Amino acid sequence: MLIFLLDAPKSCLMTKQGLVIVYTGKGKGKTTAALGIALRAVGYKHKVCMIQFIKGSWHYGEMTSSKRLEPEFELTAVGKGFVGIMDDKSPIEDHRMIAREALSIAREKINSKKYDIVILDEINYAVNLGLINLDEVIDLIQKKPANLNLVLTGNYATDEVINLADLVTEMREIKHPFKSGTKARKGIDF
C-alpha cells in the first residue's frame, strides 16, 4: 500500500475538497482523535482552529500543549465546563449563552477562509444538551467553504449530522478505569 501512495500522482494525494469528519460515541478518544488530525496537519503547515464548546473553564493539558503548535494551531476554549456534572453550579441559561457565543465564533472562523481545518470540539454534546440548535449546526456544515475540513466531536451525534459527514467514527467504551474507582489523571484524561 505504501508503494502505491508513493507512486500515486500528487493530485491523488492532495485534494482541495474538504471533508466533514465526526467523532462520536460513549468511549474516550473523540477530542484526542481530533487533536491527532491537528497534529498531523500542523506538520504540513496547515492552519487549524479548534473551538471547544464545553470544556472552557477547566485547565487541561491541551490548553498548554497547543501553544507549542502555534502559529499553525489555535485553540479557543469558550465553554464554562461540563454541564450538570462535576460540581457544576452554573445555571443552564449561562451554559446556553456561552454555547451560542462559541457557535458565533465557529461561524466566524469557518467563514474567515484562514483555516484548512476547523474543529468543533464537544459540539455534539452542546446540541444534545439543548445548548445550541441542531439547525444552526447543519447550516454550518452545509455552508462551509468547499476546501475546509470540518471536524465535529462529542457523543450523541445526530442522524442529520452523521448523514452530512464524509467520515464518522464511533468510539465504543469496552472498559474504563473510572468504573473501578480510578480518578481522572493528568495527561491521560485531561
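Just so we're clear, the structure is a prediction, and the values are computed from it rather than from any experiment.
To the nearest 0.5 Å, the span separating CG on Asp139 from CG on Leu134 amounts to 11.0 Å. With values rounded to the nearest 0.5 angstrom, Ile110 atom CD1 is found 8.5 Å from Ile141 atom CD1. Between the CG atom in Leu129 and the CD atom in Glu122 there is a gap of 10.0 Å [rounded to 0.5 Å]. Distance check: Lys47 NZ to Leu148 CG gives 14.5 Å after rounding to the nearest 0.5 Å. The distance from atom CG of Leu140 to atom CD of Gln142, rounded to the nearest 0.5 Å, is 10.0 Å. In this structure, CG in Asp166 is found 10.0 Å from CG in Leu150, a value given to the nearest 0.5 Å.
Between the side chain of Ser66 and the main chain of Leu75, no donor-acceptor pair closer than 3.5 Å is present. In this structure a side-chain-to-backbone donor-acceptor pair under 3.5 Å is missing from Arg172 to Gly25. Under a 3.5 Å cut-off, the side chain of Asn124 and the backbone N or O of Gly154 do form a donor-acceptor pair.
Of all heavy-atom pairs spanning Asn111 and Lys143, the tightest one is OD1-O, 4.3 Å. Listed here is the closest heavy atom pair of Ala38 and Ile119: CB-CD1, 4.1 Å. Ala165 approaches Val22 most closely through the heavy-atom pair CB-CG2, 3.7 Å. Taking every heavy atom of both residues into account, Glu74 and Tyr115 meet most closely at OE1-OH, 2.6 Å. Closest non-hydrogen pair, Gly18 versus Asn149, comes out as CA-OD1, 3.5 Å. The shortest non-hydrogen separation linking Leu120 to Ala106 is CD2-CB, 3.6 Å.
Contact check for Phe53 versus Leu152: no side-chain heavy atoms found under the 4.5 Å cut-off. Two residues are said to be in side-chain contact when any heavy atoms from C-beta on lie closer than 4.5 Å; Ile92 and Leu131 meet this criterion. Taking 4.5 Å as the limit, every side-chain heavy atom of Val161 sits out of range of all side-chain heavy atoms of Thr24. For the pair Glu101/Ile98, a side-chain contact is recorded, criterion being any heavy-atom separation below 4.5 Å from C-beta on. Here the side chains of Ile123 and Ile132 are in contact, with some heavy-atom distance below 4.5 Å. Inter-residue side-chain proximity for Lys144 and Val20 is flagged as met; some heavy-atom pair is nearer than 4.5 Å. Contact check for Asn128 versus Asn155: no side-chain heavy atoms found under the 4.5 Å cut-off. With a 4.5 Å cut-off on side-chain heavy atoms, Tyr156 and Val127 do not count as touching.
Linking ILVMFWY residues whenever their side-chain heavy atoms come closer than 4.5 Å, directly or via other members, places Ile117 and Leu167 in the same cluster. Residues Met50 and Leu39 share a hydrophobic cluster, clusters being chains of Ile/Leu/Val/Met/Phe/Trp/Tyr side chains in contact below 4.5 Å.
The pair Glu136-Arg100 fails the salt-bridge criterion, with no side-chain N (NZ, NE, NH1 or NH2) lying under 4.0 Å from an Asp/Glu carboxylate O.
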- Message: Applying salt bridge (Lys or Arg N to Asp or Glu O under 4.0 Å) to Glu108 and Lys114, what does each step give before you reach the verdict?
- Response: CA-CA 10 Å; Glu108 182 265 316; Lys114 293 188 332 189; 5.5 Å; no
